[in-house]
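Along the sequence shown, residues are numbered consecutively beginning with 1. Please read all numbers here as calculations on a predicted model, not as lab measurements.
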Amino acid sequence: QVQLVESGGGLVQPGGSLRLSCAASGSIFSINTMGWHRQAPGKEREWVATITSNMDTNYVDSVKGRFTISRDNTKNMVYLQMNSLKPEDTAVYYCNAEIRTRSRIYSTSTYWGQGTQVTVSA
């Protein structure tokens, strides 16, 4: 019914930038909070940033001042602009969204994308 697809990952040198995109599609009635998580090899999945439907944003301390989350409600998309990347940012990045579907407009469910790899290395 609902699908989230990330794009924009890749290999970048330390200090470089990448912009991740995530498109939500399917039987969507509305989208509440959208966000990004990441999972590095051998580590648990970590929350990175969220953006509400009112455009309020929050970030994990380790990315504050370097990453910017944004969304385009007309396109059902969320973005993560990542600047000044560090090797410790290397991870698979997942987007997620709280969505009301057209068949269940009175409750939300959390959907996840399949992930996109970000590697920061010289």
CZ of Arg71 to CG of Asn76: how many Å apart, nearest 0.5 Å? 8.5 Å
I'd like to check Ser70 versus Val78 (side-chain heavy atoms, cut-off strictly below 4.5 Å). Are they in contact? no
Is there a donor-acceptor contact under 3.5 Å linking the side chains of Ser107 and Arg104? yes
Going from CG on Asp56 to CD1 on Ile69, what distance comes out if it is rounded to the nearest 0.5 angstrom? 11.5 Å
Common cluster, Val92/Leu11, ILVMFWY with side-chain heavy-atom separation under 4.5 Å: no
Working to the nearest 0.5 angstrom, can you tell me the gap between Gln117 CD and Gln39 CD? 11.0 Å
Going through the checks in order, is the side chain to side chain contact (heavy atoms under 4.5 Å, CB included) test met by Val60 and Phe67? CA-CA 10 Å; Val60 67; Phe67 290 11; over 6 Å; no
State, yes or no, whether a side-chain contact exists between Pro87 and Ser121 at a heavy-atom distance under 4.5 Å. no
Hey, does Asn96 have a side-chain heavy atom less than 4.5 Å from the side chain of His37? yes
A cation-pi test, strictly: NZ or CZ of Arg19 under 6.0 Å from the centre of the six-membered ring of Tyr79 and no more than 45 degrees from its axis. Yes or no? yes
Does Glu44 have more than 12 heavy atoms from other residues, nucleotides or ligands lying within 6.0 Å of its CD? no
Is the closest side-chain donor-acceptor distance between Thr50 and Asn58 under 3.5 Å? no
Take Thr116 and Leu20, measure what side chain to side chain contact (heavy atoms under 4.5 Å, CB included) needs, and give me the verdict at the end. CA-CA 8 Å; Thr116 185; Leu20 305 183; 4.0 Å; yes
How long is the straight-line distance from SG of Cys95 back to CD of Glu6, given to the nearest 0.5 Å? 4.0 Å
Whether Arg38 engages the ring of Tyr94 as a cation-pi pair (distance to the six-membered ring centre under 6.0 angstrom, angle to the ring normal within 45°) should be assessed. no
Run Leu18 and Val118 through side chain to side chain contact (heavy atoms under 4.5 Å, CB included) and show every step you take. CA-CA 9 Å; Leu18 281 176; Val118 171; 3.9 Å; yes
Is the closest side-chain heavy-atom distance between Gln1 and Ser103 below 4.5 Å? yes
Please determine whether residues Trp112 and Met77 belong to a single hydrophobic cluster, defined as Ile, Leu, Val, Met, Phe, Trp and Tyr linked transitively by side-chain heavy-atom distances below 4.5 Å. no
Of all heavy-atom pairs between Thr68 and Tyr59, which one has the smallest distance, and what is that distance? CA-OH, 3.4 Å
Looking only at side-chain N and O atoms, does Asp72 offer a donor or acceptor that is under 3.5 Å from a partner on Thr74? yes
From Thr108 OG1 over to Arg100 CZ, what is the distance, rounded to the nearest 0.5 angstrom? 6.0 Å
Report yes if the side chains of Leu4 and Ile99 come closer than 4.5 Å at any heavy-atom pair, otherwise no. yes
Contact between Gln81 and Ser17 at the side-chain level, heavy atoms closer than 4.5 Å - yes or no? yes
Is the closest side-chain heavy-atom distance between Val48 and Val63 below 4.5 Å? yes
Are Trp36 and Glu46 side-chain neighbours, meaning at least one heavy-atom pair lies under 4.5 Å? no
Is the shortest distance from a Lys or Arg side-chain nitrogen in Asp89 or Lys86 to a carboxylate oxygen in the other one below 4.0 Å? no
To the nearest 0.5 Å, what is the distance between CD1 (Ile105) and CD1 (Ile28)? 14.5 Å
